[in-house]
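Chain A is the first sequence line, chain B the second, and so forth, proteins listed ahead of strands; every chain is numbered from 1.
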Amino acid sequence: MSFEQLEKTILEKINAAVNEVLGQPPQQLEIGFPPDPQMGHFAVGCFPLAKQFRKSPAQIAGIIADRLKPDAVIQEAVAAGPYINLKIESQVLFGDLCNRIIHEGTAYGTSAMGRGKRAMVEYLAPNTNKPLHLGHLRNGALGMSVANMLEATGHRVIKANLVNDRGVHICKSMLAWQRWGNATTPESEGIKGDHFVGNFYVRYSREAEKNPQLENEVQQMLQQWEAGDPKIVELWKMMNGWVYDGFAETYRRFGLEFDVFYYESETYKLGKDIIQQGIEKKVFSTDAYGNTVFILPEKVFGRDKSDGLKKVTVLRPDGTSLYITQDIGTAILKITDHNLDYSIYVVGSEQEYHFKCLFAILEALGYEWARNCYHLSYGMVYLPEGKMKSREGKIVDADDLITEMVKLAEAEIRQRDPQGRLAEDEIKNRAEVIGVGAIKFYLLRVRPAQSINFDPAESISFDGFTGPYCQYAYARISGILEKAKPARQQSAGTDYSLLGNAEELQLLQQLSRLPGELKNAVQDFNPSKIAVYIFNTAKAFNQFYNKHPVLKAENEQLVNARLGLIRAAAVVLKKGLNLLGVEVLENM
RNA sequence: GCGCCUGUAGCUCAGCUGGAUAGAGCAACGGACUUCUAAUCCGUAGGCCGCAGGUUCGAAUCCUGCCAGGCGUACCA
């Protein structure tokens, strides 16, 4: 019997009891957990029945609890105020769930709710004039995690990266290299390509302060690029190539994957024809300045400062396009390229208004799927000194941060291995998994809408509510299972009725929650729910671990039962961490 | 001005589709390693859940108003 079936069985028994004692079946009751597992394994609040039977919830709970006699499933039913607390026979409670989790393995918790649905997760959207920073890491961690969660719920997921590879800012680093680069390359200087190019972007900003004339040169360069000037295009290709090499390294290291790349150099002219069609369909109009505009529906957007209807410009009078123009085109391109059911944009909260407008326009143009476009908005990452600004150098570089965290993890590993028994590459590998895991967990543990005040001291912690804490719980279990092997394989004859102490119950209850937690998390694109859940599960295991021996339990039957429990816990921890994009280690 | 987000322990945050005494981590203090990995565990201390009303048997949670902070507010991306 699965947990869901178990809950259903319990409700059926209660329904039957109510019908017998009170003369009619009850309205919909919900099953939950008592605050303390010692009180019972499940709880049912009787509030909805108060009106139906004109008795206080406590009275009703008492009547029902008296009627529920112990049987093969229910061990005990006790009324506690308005609640009925139920204890379940251990073999049923533990055995069924542990067997199921061990049997299903990584499939545990997954569902088919998205079967047949195709979802695109667009995330990261870097600029090719500078390296990635902490904000990109939050975006990347969110994007990967949401993609993982969608996959785990049966969706076919396409991960897309919309690369901002053109525009004045790109020309700035190009111009700087042209003037002061002396034909150097990332190879010749031994610098990662994106950093190499980023240095020229910074150089430009410095020089432009002294020499305003540079601004004109950049504009001129942009025009040459748009005109397809072979020399400029070649320079652009070469420098972007350097950047992509650099990005690829960071993607690999941080575990970011993409199925499709869209480049703005290829999409920036999209959307214009759609605007033309929209004009014919009278979706767009021309304003007093000659702009082609979309009038935003008052019901949703309200009115502007001077009490007029709000509008958004989609084409300038000279016919040139805007950010939103190409986004309209790209949105349509994505759908036609990949036959999508859902389109998810992982973009910072400062662009909420933009996406609200974009989706409204798409809907007005008659695209039904516009309702299945979601802006996964997330809060900013603030540094102790304030908002990150790359031009002022107030920034946390992604590569630097990763390297720093990995270094700290490495130091920690060496400290635990004073005799130097570990091989160098083993140390390096562990440090990488722990360091990267710590960053991802740190960025995902708060809900997306929350802005993050980046606290270096807190972010480098490996204790408490952190990735390494959860990884450590997994590694501990692996250690035990390793020692138990090969003598004991989980057998169908494991006697789970021996389990039932407070820590075992707490752990089991945690394990039962994964399917529900995943469903909740994916519904509002919120990986923090998984992070919190996995932390609580790791904690439940650690509490159990500290109080009860597994391999040295009183007798062989108990050893086997506890092995089954922690084997199931390992499955859940690994699954949950993987959903966050965090890897696990067998040893730490 | 308007829109969205945020306000919970010294700090960082869970909880927000209303239900049992408001939780966790960090920091502080005190304990537990001859026992399966102490990146762990246990304990102590710490709260007008921004303020004021309202709805309800019941409000951190829902509604209204106010206060404070962040982000945005077409013709940048």
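- Under the Watson-Crick or G-U wobble criterion, with both distances below 3.5 Å, B:C29 is paired with B:G43.
- Both A:Ser478 and A:Tyr323 lie close to RNA chain B; mapped to their nearest nucleotides by heavy-atom distance, the more 5′-ward contact belongs to A:Ser478.
- Between the side chain of A:Arg416 and the base of B:A39, at least one donor-acceptor pair of N or O atoms lies under 3.5 Å.
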Next item on the list: Apply the test side chain to side chain donor-acceptor pair (under 3.5 Å) to residues A:His375 and A:Glu352: give CA-CA distance (whole Å), side-chain angles for both, the deciding distance (0.1 Å), then the verdict.
Entry: CA-CA 7 Å; A:His375 173 205; A:Glu352 264 169 27; 5.4 Å; no

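- A close approach under 4.0 Å does not occur between any side-chain nitrogen or oxygen of A:Tyr533 and OP1 or OP2 of B:A14.
- Base pairing of B:G58: no nucleotide in any strand meets the Watson-Crick or G-U wobble criterion (both distances under 3.5 Å).
- Within the 4.0 angstrom heavy-atom criterion, no nucleotide atom of any strand lies near A:Ala457.
- For the pair A:Val163 and A:Tyr262, the minimum side-chain heavy-atom distance is 4.5 Å or more.
- At the heavy-atom level, A:Arg303 lies nowhere under 4.0 Å from the strands shown.
- A:Lys311 forms no cation-pi arrangement with A:Phe294, by the criterion of a distance under 6.0 Å to the ring centre and an angle within 45° of the ring axis.
- Atom name C1', nucleotides B:G31 and B:C71: the rounded distance is 47 Å, in whole Å.
- If you take atom P in B:U61 and the same atom in B:A22, they sit 14 Å apart, rounded to whole Å.
- Pair assignment for B:C71: B:G3, on the basis of Watson-Crick or G-U wobble contacts that are both within less than 3.5 Å.
- In terms of modelled atom types and a separation under 3.5 Å, the side chain of A:Asp165 and the main chain of A:Ser265 share a donor-acceptor contact.
- For the pair A:Phe42 and A:Asn85, the minimum side-chain heavy-atom distance is 4.5 Å or more.
- Proximity of a side-chain donor or acceptor of A:Asn453 to a complementary backbone N or O of A:Tyr382 within less than 3.5 Å is not detected.
- Looking at heavy-atom distances under 4.0 Å, A:Ile361 makes no contact with the nucleic acid at all.
- A close approach under 4.0 Å does not occur between any side-chain nitrogen or oxygen of A:Gln471 and OP1 or OP2 of B:A39.
- Residue-level contact check: A:Asn164 touches the backbone only, with heavy atoms under 4.0 Å from sugar-phosphate atoms and none from bases.
- Across the C1' atoms, B:C49 and B:C62 are found 15 Å apart, a figure rounded to whole Å.
- Comparing B:U8 with B:G65, their P atoms sit 22 Å apart, to the nearest whole Å.
- A residue-by-residue look at A:Glu352 and A:Ile480 shows that A:Glu352 has its nearest nucleotide of RNA chain B further toward the 5' end.
- B:C13 and B:G23 make up a base pair, with Watson-Crick or G-U wobble contacts both under 3.5 Å.
- Residue contacts for A:Lys539: at a heavy-atom cut-off of 4.0 Å it reaches the sugar-phosphate backbone alone, with no base atom in range.
- B:C36 makes up no base pair with any nucleotide shown, lacking Watson-Crick or G-U wobble contacts both under 3.5 Å.
- Distance noted for atom C1' between B:A20 and B:G1: 46 Å (whole Å).
- The P atoms of B:G25 and B:U64 are separated by 36 Å, rounded to the nearest whole Å.
- Across every strand in view, B:C66 sits in a pair with B:G50 that passes the Watson-Crick or G-U test at under 3.5 angstrom.
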